[in-house]
Each structure stands twice: as structure tokens, then as C-alpha cells.
There are 2 protein chains.
Amino acid sequence: MFKENNLSKNQQIIFDLINKSSEPLKAYTILFNVQKKGIKAPPQVYRALDKLVETGKIHKIESKNAFVACRNSNCEISKATAFSICESCEMVDEISDAKLTKYLSSFNDKKGTKYKRFNLEFFGLCKKCK
Amino acid sequence: MFKENNLSKNQQIIFDLINKSSEPLKAYTILFNVQKKGIKAPPQVYRALDKLVETGKIHKIESKNAFVACRNSNCEISKATAFSICESCEMVDEISDAKLTKYLSSFNDKKGTKYKRFNLEFFGLCKKCK
DNA sequence: TTACATAATGTTATATTATAACAATTTTAA
DNA sequence: TTAAAATTGTTATAATATAACATTATGTAA
Ligand SMILES: [Zn+2]
Ligand SMILES: [Zn+2]
Ligand SMILES: [Zn+2]
Ligand SMILES: [Zn+2]
């Protein structure tokens with residue numbers, strides 16, 4: 001028997017929901033929306049979210065406690081993430097900018113420390129809200 | 001009567017606590033530590049934190065839901081923040097790097113959008129933990 | 001196939017983080 | 001002095017997240 005993909009049942013349900021959403025989804029919004037599919041309790045949601053974040057299928061927008069599907073094949077399992085966040089309409093876009101990624105991935109602080117991972121959140125007004 | 005500074009009583013108590021801490025403090029840790037000074041309830045803490053963030057005296061480390069005092073006179077009232085976060089010992093340092101700030105403050109995404117503000121969190125191992 | 005390990009699930013309860021709502025007091029500035 | 005704005009105090013509750021434990025499903029190697 002072949003596996004069609006690497007996601008479990010709950011992970012797939014929750015990924016599908018996030019992936020088709022045009023905006024970041026919060027854990028309890030997700031819970032509410034998947035209850036008809038048999039996912040009834042917070043730990044089921046948080047466990048799936050943890051795994052999806054870990055494998056880079058989704059990202060957490062830390063400033064919003066919300067989750068978006070990865071739209072950037074280049075973010076290397078969430079080691080280099082950057083987002084554009086509208087302060088008016090809540091819209092979030094993942095930024096795919098090779099130069100930016102390269103600049104930050106190779107950043108050394110004054111002590112010469114290199115980092116394994118970064119997360120960058122830009123705030124402003126999106127095109128629509130400007 | 002002259003004002004010594006621009007912080008109210010509760011704001012000053014909470015700022016002093018955060019400012020003398022070597023690590024990020026969480027809201028309920030703060031609450032516990034200031035109860036002997038008469039600050040008894042969460043809203044008092046969160047209101048002071050909100051104001052201190054707003055005025056740039058402290059920053060919120062979004063990935064940790066914790067607060068640190070600003071160590072960078074150049075972060076321009078929290079419009080341009082960058083942190084180094086140790087994944088092992090929880091240590092957080094504010095990064096003061098004029099080139100980095102300049103690079104990110106002038107960043108344009110592919111649609112030409114410029115942003116008002118950014119927050120960058122680097123993750124890795126600090127000197128001690130490496 | 002069996003049998004063991006690992007991963008995923010289901011479930012209840014609880015911990016942690018944050019805000020709503022409203023009353024009272026203090027500070028500021030016209 | 002007085003009215004607006006800011007701050008404080010207080011109770012209750014909302015929103016976010018995890019602990020703990022039992023069960024089931026899946027992968028893998030003898
Ligand atoms: Zn991504
Ligand atoms: Zn917008
Ligand atoms: Zn700062
Ligand atoms: Zn460390």
C-alpha cells in the first residue's frame with residue numbers, strides 16, 4: 001500500500017483548511033471549522049499544527065497567534081521566514097525574496113554569532129488599504 | 001511640582017523590574033513580582049506593558065510572549081526591532097546594527113510596498129550554550 | 001506473520017495569556 | 001476651577017495552549 005502523502009488524517013484536514021484560507025487562521029477558529037470532521041478538542045488541533053509547523057507546511061504568525069500555509073518553496077522548512085502584515089485588514093503575505101533571505105541567513109552579529117533560523121514580520125498597509 | 005520622568009507609578013514599577021532583569025519576563029511573572037508593591041491584577045500589568053511598548057521603553061518578544069527593556073536607543077520607538085534568541089537557555093539580546101536596520105527599513109517588496117515597522121527574531125545558540 | 005517501536009488519535013481537565021467592563025482617582029491643561 | 005484625559009482598582013471572563021493518560025494505527029524488522 002502506497003502513501004499518497006506524508007500527512008496524517010487530522011494533519012491533512014487542518015492543512016487543507018489553512019491552505020484554502022486567504023487569511024491567517026487561529027487555533028480555535030480551526031477547531032470550530034473541523035468539528036464536523038470529527039476533530040473535537042484543542043489538543044488534536046495543536047498537535048496537528050505543531051507537526052505542520054515542524055515540517056514547514058505552515059507557519060505561525062507570532063504577532064497574531066495565527067497560522068498560514070507556506071507559499072514559498074524556498075523558505076527551507078521554516079528556517080527563513082518573512083511576512084508582510086497589513087495593520088488595517090489583517091492580510092498576511094509570505095515574502096519570497098532571495099536577496100533578503102540570503103542577506104539575513106548570512107547575518108552575523110557583532111560577536112560573530114550566526115543563526116540557524118529567523119522570522120521577520122513587516123507591518124504596514126497593504127495595497128488595498130493604502 | 002516637577003515630573004521626574006514620563007512614567008506613571010505602575011509603569012515605573014513594572015519598567016524597573018523588566019529593566020533590571022537579565023531575561024525576558026512574562027506578564028504573570030511580573031504580576032507575581034509586583035504584588036508586594038500593590039499591583040494586584042492582570043489588567044494593571046497589561047495596561048502598563050501596553051503603554052511601555054507603545055512608548056518604546058520595552059519590547060515584546062512575540063515568540064515567547066515575554067518582555068524586555070529596550071537596549072537600543074536607535075530602534076526609533078519600536079519601529080525597527082531585531083533580537084537574538086538562544087534556543088537553549090532562553091537568553092534574548094537586542095541587536096543594534098545600523099546596517100541591518102537601514103537595509104530592512106528601506107526594504108521594498110516586489111510590489112514596491114514599503115513598511116512602517118518590522119520585527120526580526122533570530123534563533124540559534126548563544127555563546128554560552130554553543 | 002508476529003511483535004515491537006513509533007506516531008497519531010481521543011478525551012478530560014487545567015494552565016497560561018489576555019481583555020471586557022465599570023467605577024474611582026489622579027493628572028493635565030485650558 | 002473645571003472639564004478632559006490618563007491612570008488606577010477590581011471582578012469576571014475570554015482566548016490561547018498544554019498536561020496527562022488511555023487507545024488505536026502505522027511502520028519495520030525478525
Ligand atoms: Zn514558507
Ligand atoms: Zn489591508
Ligand atoms: Zn529597542
Ligand atoms: Zn544560551
Side-chain angles (χ1 to χ4, degrees), chain A residues 1-18 21 23-68 77 90 92 119 121, chain B residues 1-18 21 23-68 85 90 92 119 121:
Chain A
M1 185 59 175
F2 297 111
K3 280 179 58 181
E4 290 160 33
N5 58 56
N6 53 348
L7 297 183
S8 73
K9 179 168 136 286
N10 287 1
Q11 289 160 22
Q12 188 69 59
I13 290 168
I14 287 174
F15 176 72
D16 288 346
L17 183 70
I18 295 171
S21 171
E23 54 182 21
L25 295 180
K26 296 184 156 247
Y28 277 74
T29 303
I30 293 167
L31 176 57
F32 177 82
N33 279 282
V34 297
Q35 281 182 329
K36 51 184 160 305
K37 305 223 171 187
I39 297 175
K40 290 177 192 148
Q44 296 174 289
V45 172
Y46 280 101
R47 282 190 297 227
L49 290 172
D50 286 349
K51 189 56 86 169
L52 291 167
V53 166
E54 203 179 300
T55 57
K57 303 279 289 178
I58 66 172
H59 303 302
K60 182 173 187 180
I61 307 301
E62 295 287 358
S63 60
K64 299 173 88 66
N65 297 318
F67 299 84
V68 296
I77 313 188
E90 314 280 288
V92 171
N119 180 54
E121 299 184 358
Chain B
M1 185 63 174
F2 296 112
K3 278 179 59 181
E4 289 160 33
N5 57 57
N6 52 351
L7 298 183
S8 73
K9 179 168 137 284
N10 287 1
Q11 289 160 21
Q12 188 69 59
I13 289 168
I14 287 174
F15 175 72
D16 288 344
L17 183 70
I18 295 171
S21 172
E23 55 182 21
L25 295 180
K26 296 183 155 247
Y28 277 75
T29 303
I30 293 166
L31 175 57
F32 177 82
N33 279 282
V34 298
Q35 281 182 329
K36 51 182 159 307
K37 305 224 174 188
I39 296 174
K40 290 177 191 147
Q44 297 174 289
V45 172
Y46 281 100
R47 284 189 297 225
L49 289 172
D50 286 350
K51 189 55 85 169
L52 291 166
V53 166
E54 204 180 300
T55 56
K57 304 279 289 180
I58 66 172
H59 303 302
K60 182 173 187 180
I61 306 301
E62 295 287 358
S63 60
K64 299 173 87 67
N65 297 317
F67 299 84
V68 295
I85 301 172
E90 314 281 288
V92 171
N119 180 54
E121 298 184 358

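Chain identifiers are assigned alphabetically (A, B, ...) following the order of the sequence lines, protein sequences preceding nucleic acid strands; residue numbering begins at 1 within each chain.
Residue B:K51 places at least one side-chain N or O closer than 4.0 Å to OP1 or OP2 of D:dT7. Look at B:K9 and you won't find any side-chain N or O under 4.0 angstrom from OP1 or OP2 of D:dT7. Phosphate contact (OP1/OP2 of C:dA8, side-chain N/O of A:Q44, threshold under 4.0 Å): absent. Regarding contacts with the backbone of D:dT8, a side-chain N or O of B:S8 is found under 4.0 angstrom from either OP1 or OP2. The phosphate of D:dG9 (OP1 or OP2) has no side-chain N or O of B:K40 nearer than 4.0 angstrom.
A:L7 has its CG atom 14 Å from the P atom of D:dT26, to the nearest Å. Distance, B:L31 CG to D:dT10 P: 13 Å, rounded to whole Å. Taking atom CG on B:N10 and atom P on D:dT8, their separation rounds to 4 Å, with Å as the unit. Whole-Å rounding puts the B:Q11 CD to C:dT27 P distance at 13 Å. In this structure, CZ of B:R47 is placed 8 Å from P of D:dG9, rounded to the nearest angstrom. Whole-Å rounding puts the B:N6 CG to D:dA6 C1' distance at 13 Å. Whole-Å rounding puts the A:I30 CD1 to D:dA17 P distance at 10 Å.
Looking at every heavy atom in both residues, B:I61 comes nearest to B:V68 through CD1-CG2, 4.0 Å. Counting all heavy atoms, side chain and backbone alike, A:I58 lies closest to A:F67 at CD1-CD2, 3.8 Å. When all heavy atoms are compared, the tightest approach of A:P24 to A:V92 is CG-CG2, 3.5 Å.
Under the rule for a side chain to side chain donor-acceptor pair (under 3.5 Å), B:E62 has no partner lying at least two apart in sequence or in another chain.
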Just list the side-chain donor-acceptor pairs under 3.5 Å for residues 26-39 of chain A, sequence neighbours left out, or say none.
from: A:K26; atom 1: NZ; to: A:K64; atom 2: O; distance (Å): 3.2
from: A:N33; atom 1: ND2; to: A:T29; atom 2: O; distance (Å): 2.7
from: A:K36; atom 1: NZ; to: A:N33; atom 2: O; distance (Å): 3.0

Tell me which donor-acceptor pairs under 3.5 Å the side chains of residues 44-56 of chain B have, and how far apart each pair is, sequence neighbours excluded?
from: B:Q44; atom 1: OE1; to: B:K40; atom 2: N; distance (Å): 2.9
from: B:Q44; atom 1: OE1; to: B:A41; atom 2: N; distance (Å): 2.9
from: B:R47; atom 1: NE; to: B:P43; atom 2: O; distance (Å): 3.4
from: B:T55; atom 1: OG1; to: B:K51; atom 2: O; distance (Å): 3.0
from: B:T55; atom 1: OG1; to: B:L52; atom 2: O; distance (Å): 3.3

Pairs under 3.5 angstrom, nitrogen or oxygen only, protein versus nucleotides 16-20 of chain C, please.
from: C:dT17; atom 1: OP1; to: B:K26; atom 2: NZ; distance (Å): 2.4
from: C:dA18; atom 1: OP1; to: B:K60; atom 2: NZ; distance (Å): 2.7
from: C:dA18; atom 1: OP1; to: B:N65; atom 2: OD1; distance (Å): 3.4
from: C:dA18; atom 1: OP2; to: B:Y46; atom 2: OH; distance (Å): 3.2
from: C:dA18; atom 1: N7; to: B:Y28; atom 2: OH; distance (Å): 2.9
from: C:dA18; atom 1: N6; to: B:Y28; atom 2: OH; distance (Å): 3.0

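Rounded to 10 degrees, the angle separating the terminal helix axes of the helix from C:dT1-D:dA30 to C:dA30-D:dT1, each built from five base pairs, is 40°.
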